[in-house]
Amino acid sequence: MRAPSGGRVMVEVRRARKDQAGEITEVVNWAYRGKYEGGDAGAWTTERDIIGGIRTTELDVLEVIASCDRSGPRTEILQVATGTSGAVIGTIHAKRVAPGVVELGLFAVDPDFQSEGVGSHLVKTAEKHAYWKMDAKVAVMYVLTVRTELLSWYGRLGYKATAERVPFPPPEAGVGVPRQPGLEFVSGCRRRSSGTPGPSPPRAEGALGPPASGRAAVRAQQKRAFWGGVRCEAPPALVKCRIFRRAPPLTTCPSLPPRRGPRGDLTRGRRH
């Protein structure tokens with residue numbers, strides 16, 4: 001998915017490849033542990049003052065990509081944002097952890113490109129994929145409780161803190177060593193209600209939109225009606241229309257626009 005990030009860079013979000021594992025590792029470690037020894041001007045996601053050590057390794061990233069390949073994009077996906085040069089400048093990972101629940105993680109943006117809209121574009125792209133490909137009703141992510149500025153940023157994106165607290169992993173987990181005791185994560189939750197318009201379906205490579213015909217088209221039509229605030233479950237007659245190319249009667253689904261059939265009678269849906 002190519003879109004302006006809102007700043008000075010043009011961002012393209014695609015599914016991560018194995019040959020990008022080294023770049024992904026660098027971006028993640030830069031975002032969480034700092035990029036420059038003297039500090040990162042303009043960067044605000046670094047945790048170098050509260051956590052030491054690296055955030056991830058190239059082997060860990062390769063394992064994540066392999067897991068995504070095994071599970072498929074309807075269960076797990078790692079996406080990367082690339083700038084105009086083609087280099088990786090951001091990452092985000094989405095995984096279905098329960099029916100209707102998707103956890104977002106490994107979210108990072110190169111410090112040189114922070115505050116340019118790259119992060120919010122990554123989150124929105126991951127949410128679209130989660131809602132349309134993973135049947136997600138809830139998106140969840142975990143943030144350190146001491147990172148109040150990050151919690152505020154996620155709040156502006158629609159996430160609400162829950163009562164759940166998770167302690168920081170021990171040093172043997174390989175995600176860093178706390179510089180202060182008692183570090184813990186709080187879960188942030190964003191729930192999609194039937195009365196709230198949902199994101200538009202993804203149209204790009206790695207996050208394909210709904211097909212033009214067949215059973216998947218019926219399912220996509222139902223989702224468009226549901227996320228638009230109108231629950232419209234298609235009856236069997238409409239499903240048969242899409243599969244067997246038969247026009248349903250007028251009363252099958254009121255959300256579809258009326259059309260005049262070959263005999264002059266009004267029908268609902270598209271004639272094939």
Side-chain angles (χ1 to χ4, degrees), residues 1 13-18 20-21 24 28 55-56 59-81 90-109 119-143 150 154 157-166 169 173 175 185-211 214-228 231 233:
M1 176 178 292
V13 180
R14 291 180 177 268
R15 188 172 177 176
R17 306 188 310 267
K18 290 182 179 180
Q20 295 174 316
I24 294 171
V28 171
R55 170 63 175 80
T56 191
L59 180 60
D60 292 334
V61 173
L62 284 171
E63 289 179 355
V64 172
I65 295 175
S67 176
C68 294
D69 291 340
R70 289 192 303 269
S71 304
R74 292 186 178 275
T75 301
E76 184 179 9
I77 188 171
L78 176 63
Q79 294 175 297
V80 296
T91 69
I92 194 165
H93 176 246
K95 183 176 182 179
R96 187 174 62 190
V97 295
V101 181
V102 169
E103 180 180 331
L104 304 181
L106 209 63
F107 175 41
V109 176
S120 59
H121 182 59
L122 270 171
V123 172
K124 291 174 183 177
T125 302
E127 286 177 348
K128 286 182 180 182
H129 183 92
Y131 292 137
W132 283 88
K133 293 298 179 182
M134 299 179 176
D135 293 324
K137 303 297 185 293
V138 178
V140 179
M141 59 176 58
Y142 292 86
V143 184
L150 271 180
Y154 286 122
L157 292 182
Y159 288 83
K160 296 182 179 180
T162 69
E164 181 184 9
R165 297 293 186 273
V166 179
V175 294
F185 294 94
V186 58
S187 65
C189 170
R190 185 181 182 192
R191 184 178 301 274
R192 180 65 59 185
S193 64
S194 60
T196 304
S200 301
R203 300 288 184 181
E205 178 183 351
L208 298 177
R215 189 182 299 272
V218 177
R219 186 167 175 267
Q221 186 274 336
Q222 294 171 359
K223 278 195 171 185
R224 282 194 294 271
F226 180 83
W227 292 114
R231 183 184 292 274
E233 301 295 342

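Small disclaimer: the values here were computed from a predicted structure and weren't measured. Below, all heavy atoms of this structure are taken into account, side chains as well, without hydrogens, waters or symmetry copies.
Contact check on Arg190 versus Glu127 returns a salt bridge, with a Lys/Arg side-chain nitrogen under 4.0 Å from an Asp/Glu carboxylate oxygen. Using a 4.0 Å cut-off between charged side-chain N and carboxylate O, Arg15 and Asp69 make a salt bridge.
No side-chain heavy atom of Val143 sits less than 4.5 Å from a side-chain heavy atom of Phe107. Using a 4.5 Å heavy-atom cutoff, the side chains of Met141 and Tyr154 are in contact. Contact check for Val61 versus Leu59: no side-chain heavy atoms found under the 4.5 Å cut-off. Here the side chains of Leu157 and Val123 are in contact, with some heavy-atom distance below 4.5 Å. Taking the side chain as every heavy atom from C-beta outward, Leu106 and Ile92 never approach each other to under 4.5 Å. Contact of the Glu76 side chain with the Cys68 side chain is registered, since non-hydrogen atoms from C-beta on lie closer than 4.5 Å. Residues Tyr159 and Ser187 have side chains not in contact (no heavy-atom distance under 4.5 Å, counting atoms from C-beta outward). Gln20 places a side-chain heavy atom less than 4.5 Å from the side chain of Val80.
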task = Could you walk me through whether Val102 and Val97 pass the side-chain contact (heavy atoms from CB on, under 4.5 Å) test, one step at a time?
result = CA-CA 6 Å; Val102 169; Val97 295; over 6 Å; no
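A side-chain donor-acceptor contact under 3.5 Å links Arg165 to the backbone of Thr162. A distance-only check finds no donor-acceptor pair linking the side chain of His129 to the backbone of Ile77 [under 3.5 Å]. Here the side chain of Ser67 pairs no donor or acceptor atom with the backbone of Glu63 at under 3.5 angstrom.
The heavy-atom pair separating Ile24 from Ala16 by the smallest distance is CD1-CB, 3.8 Å. In plain terms, the two heavy atoms of Tyr131 and Ala139 that are nearest each other are OH-CB, 4.2 Å. Of all heavy-atom pairs spanning Leu62 and Ala21, the tightest one is CD2-CB, 3.6 Å.
With values rounded to the nearest 0.5 angstrom, His93 atom NE2 is found 9.5 Å from Leu104 atom CG.
A side-chain donor-acceptor contact under 3.5 Å links Tyr142 and Glu164. For the 3.5 Å distance criterion, the side chains of Gln79 and Thr91 fail to qualify, holding no donor opposite an acceptor.
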